[in-house]
Amino acid sequence: AALESAYSDFESSTTGENLRALQNKFNESYIAWQACSFVNYGNTTLLTLSSTLNTYPTDVDKINSTFETTEEFDLKSAEYAKIIGFPGLDYLLFEGNENEIIERVSSKAIEYCSKNVDLIKTESESAYAYWKNNTDNFYTEFKTSSSKTNGSPFSFFINGYVKNVEVLKNGQLGFPAGKFTLNQPKPDQSEALYSGESVTLFKAHLSNLKRIYKGEDLLGNDGVGLDDYLKSLGTKRDGQDLNELILTTFNTLEEKANQLNGTMNEAIQNQSEITDELYQKIKELVAYLKVDMTNAIGVQITYIDNDGD
């Protein structure tokens with residue numbers, strides 16, 4: 001709603017001040033997404049929410065084609081799957097100088113921008129309502145079910161969480177760093193390519209993954225987390241406490257991430273030693289979570305990936 005409100009203010013008065021306010025609200029919303037992107041289970045909206053809100057790189061040519069069309073277009077159709085969500089707005093609101101952006105967003109891009117802002121709002125609200133309103137009794141079952149079988153709420157949670165750690169490894173670092181292209185960096189694969197907020201988003205995502213593992217709420221209040229589960233089991237890996245290994249890895253990742261300067265692409269170019277260390281450490285984290293933790297708690301990984309971890 002804050003993003004929609006800022007866009008409405010800009011529509012009413014297309015000033016530089018209102019553009020900057022809109023850009024700030026966009027960045028805040030993109031950061032907030034990092035805290036809930038792991039909830040990729042529930043109804044159809046939730047299953048597709050990540051691809052709806054954060055498929056990148058965005059297709060700039062396709063976005064620009066919407067500026068010229070005189071026909072009605074529906075951003076929910078598969079034809080526009082690569083231009084919706086935050087990455088599309090990232091291009092629209094940050095590519096070019098201030099005057100160019102104001103000119104674009106207030107004239108030829110106005111329909112696309114309005115529809116995309118509305119799509120982000122409606123899809124996010126729909127996903128939230130599914131949980132809040134206990135649709136299909138999902139929220140109640142999520143809180144009360146003790147099953148760990150495939151298709152159970154706990155299995156959904158573990159799979160969604162581990163899969164999201166792999167987004168940190170692959171989408172936010174591995175692909176732009178060239179880890180899947182013989183170490184040839186792919187700068188166009190970076191998240192937040194135009195706003196330059198890729199490192200900020202990476203750090204926010206990392207912080208939230210650690211928070212979720214520890215069972216903390218958004219205010220930092222401690223609850224029951226996966227750390228408590230592993231502590232109660234006393235799980236070891238090569239004679240070392242698994243929970244301590246995971247927490248130490250999270251801490252090392254945060255320490256390394258805080259050393260990054262500029263955008264992720266700039267860090268990959270200028271601080272490759274640190275980004276390489278980050279990538280290796282996230283690979284270790286994925287192994288601890290995806291293999292050791294799931295074996296200990298008795299949950300099977302059911303999603304498919306092809307990156308060899």
Side-chain angles (χ1 to χ4, degrees), residues 1-15 17-60 62-63 66-67 69 72-95 101-102 104-136 138-139 160 164 167 191-195 197 200-201 204-205 208 218:
L3 178 61
E4 184 189 38
S5 176
Y7 177 63
S8 179
D9 289 344
F10 176 78
E11 274 191 306
S12 300
S13 178
T14 56
T15 63
E17 182 181 358
N18 281 345
L19 173 63
R20 289 186 291 276
L22 174 57
Q23 290 172 327
N24 288 337
K25 286 301 177 188
F26 168 82
N27 286 334
E28 288 174 13
S29 299
Y30 213 167
I31 289 170
W33 162 247
Q34 307 294 324
C36 52
S37 58
F38 75 100
V39 187
N40 48 29
Y41 40 86
N43 64 355
T44 305
T45 299
L46 283 151
L47 289 172
T48 59
L49 197 61
S50 286
S51 56
T52 299
L53 297 188
N54 203 26
T55 292
Y56 57 91
T58 197
D59 187 338
V60 169
K62 186 71 174 178
I63 293 174
T66 68
F67 303 165
T69 185
E72 182 68 19
F73 58 92
D74 179 8
L75 289 183
K76 287 189 176 182
S77 74
E79 179 185 354
Y80 299 104
K82 291 187 176 180
I83 70 169
I84 55 178
F86 292 115
L89 287 184
D90 183 68
Y91 161 69
L92 206 66
L93 298 177
F94 292 93
E95 170 61 16
I101 297 169
I102 290 173
R104 180 170 61 236
V105 179
S106 62
S107 57
K108 59 187 178 182
I110 193 166
E111 187 173 6
Y112 165 78
C113 190
S114 177
K115 286 185 173 185
N116 200 7
V117 168
D118 185 63
L119 180 72
I120 291 171
K121 175 176 180 285
T122 55
E123 294 297 298
S124 300
E125 288 181 346
S126 173
Y128 176 69
Y130 183 79
W131 286 83
K132 182 177 174 57
N133 299 335
N134 196 27
T135 309
D136 301 332
F138 190 82
Y139 181 48
N164 206 239
V167 170
E191 188 175 34
L193 185 60
Y194 301 95
S195 61
E197 294 295 321
T200 300
L201 296 177
H205 192 194
N208 276 289
L218 287 167

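Values below: all heavy atoms of this structure, side chains included; hydrogens, waters and symmetry mates excluded. Index from 1, following the sequence.
Proximity of L93 to Y194: side-chain heavy atoms (C-beta onward) are nowhere separated by under 4.5 Å. Side-chain contact between L19 and I101: present, with at least one pair of heavy atoms (C-beta onward) separated by less than 4.5 Å. Taking 4.5 Å as the limit, every side-chain heavy atom of F86 sits out of range of all side-chain heavy atoms of E191. Within the 4.5 Å cutoff, side-chain heavy atoms of L53 are placed close to those of W33. For the pair L46 and Y41, the minimum side-chain heavy-atom distance is 4.5 Å or more. Between V167 and S37, the closest side-chain pair of non-hydrogen atoms is not below 4.5 Å. N116 places none of its side-chain heavy atoms less than 4.5 Å from the side chain of L92. Under the 4.5 Å side-chain criterion, counting only non-hydrogen atoms from C-beta, T200 is not in contact with Y30.
The structure places CD of E72 at 3.5 Å from NZ of K115, a figure rounded to the nearest 0.5 Å. With rounding to the nearest 0.5 Å, the separation of CZ in F10 from OG in S106 is 5.0 Å. Within the model, atoms OG1 of T15 and CG of D9 stand 9.0 Å from one another, a figure rounded to the nearest 0.5 Å. The structure places CG of L89 at 9.0 Å from OH of Y7, a figure rounded to the nearest 0.5 Å. Remark: K25 NZ to N18 CG distance equals 12.5 Å, nearest 0.5 Å. With values rounded to the nearest 0.5 angstrom, T52 atom OG1 is found 10.0 Å from I120 atom CD1.
Judged by distance alone, the side chain of D74 and the main-chain N or O of K76 form a donor-acceptor pair under 3.5 Å. T69 places no side-chain N or O within donor-acceptor distance of the main-chain N or O of T66, the cut-off being under 3.5 Å. For the pair D90 (side chain) and L193 (backbone), a donor-acceptor distance under 3.5 Å is present. Remark: the backbone N or O of S51 is not paired with any side-chain donor or acceptor of T48 at under 3.5 angstrom. In this structure, the side chain of D118 does not engage the main chain of S114 through any donor-acceptor pair within 3.5 Å. Counting only distance, with no hydrogens or angles, the side chain of T58 and the backbone of K82 share a donor-acceptor pair below 3.5 Å. Judged by distance alone, with hydrogens and angles left aside, the side-chain atoms of S124 form no donor-acceptor pair with the main-chain N or O of K121 at under 3.5 Å. No donor-acceptor pair closer than 3.5 Å links the side chain of D59 to the backbone N or O of I83. A donor-acceptor pair is defined here as one N or O able to donate and one able to accept, closer than 3.5 Å; no such pair exists between the side chain of E123 and the backbone of L49. A donor-acceptor pair under 3.5 Å is absent between the side-chain atoms of S8 and the main chain of E4, judged by distance alone.
The cationic group of K62 lies under 6.0 Å from the six-membered ring centre of Y80 and within 45° of the ring axis, placing it in a cation-pi geometry. For the pair R104 and Y91, the cation sits on the ring face: its NZ or CZ lies under 6.0 Å from the ring centre, inside 45° of the axis.
Taking every heavy atom of both residues into account, L218 and A35 meet most closely at CD2-CB, 4.2 Å. Across N43 and Y130, no two heavy atoms sit closer than the pair ND2-CD1, 3.2 Å. Closest of all the heavy-atom pairs between N208 and Q34 is CB-O, 3.9 Å. When all heavy atoms of T55 and P87 are compared, the pair lying nearest together is O-CG, 3.3 Å. Contact record, A192 with S195: CB-OG, 3.5 Å, taken as the closest heavy-atom pair. Contact record, A6 with A21: CB-O, 4.3 Å, taken as the closest heavy-atom pair.
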request  = Show your working on side chain to side chain contact (heavy atoms under 4.5 Å, CB included) between K132 and E125 and close with a plain yes or no.
outcome  = CA-CA 10 Å; K132 182 177 174 57; E125 288 181 346; over 6 Å; no
inquiry  = If you apply the rule side chain to side chain contact (heavy atoms under 4.5 Å, CB included), what do you find for N40 with L47, and how did you get there?
reply    = CA-CA 5 Å; N40 48 29; L47 289 172; 5.9 Å; no
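Within 6.0 Å of the OH atom in Y128, the count of heavy atoms belonging to other residues, nucleotides or ligands does not exceed 12.
Ring planes of F94 and F26: tilted class, angle from 30 to 60°. A perpendicular orientation is assigned to the rings of F138 and W131, their planes being inclined by more than 60° (bins at 30° and 60°).
Under a 4.0 Å N-O distance rule, the pair R20/E17 does not qualify as a salt bridge.
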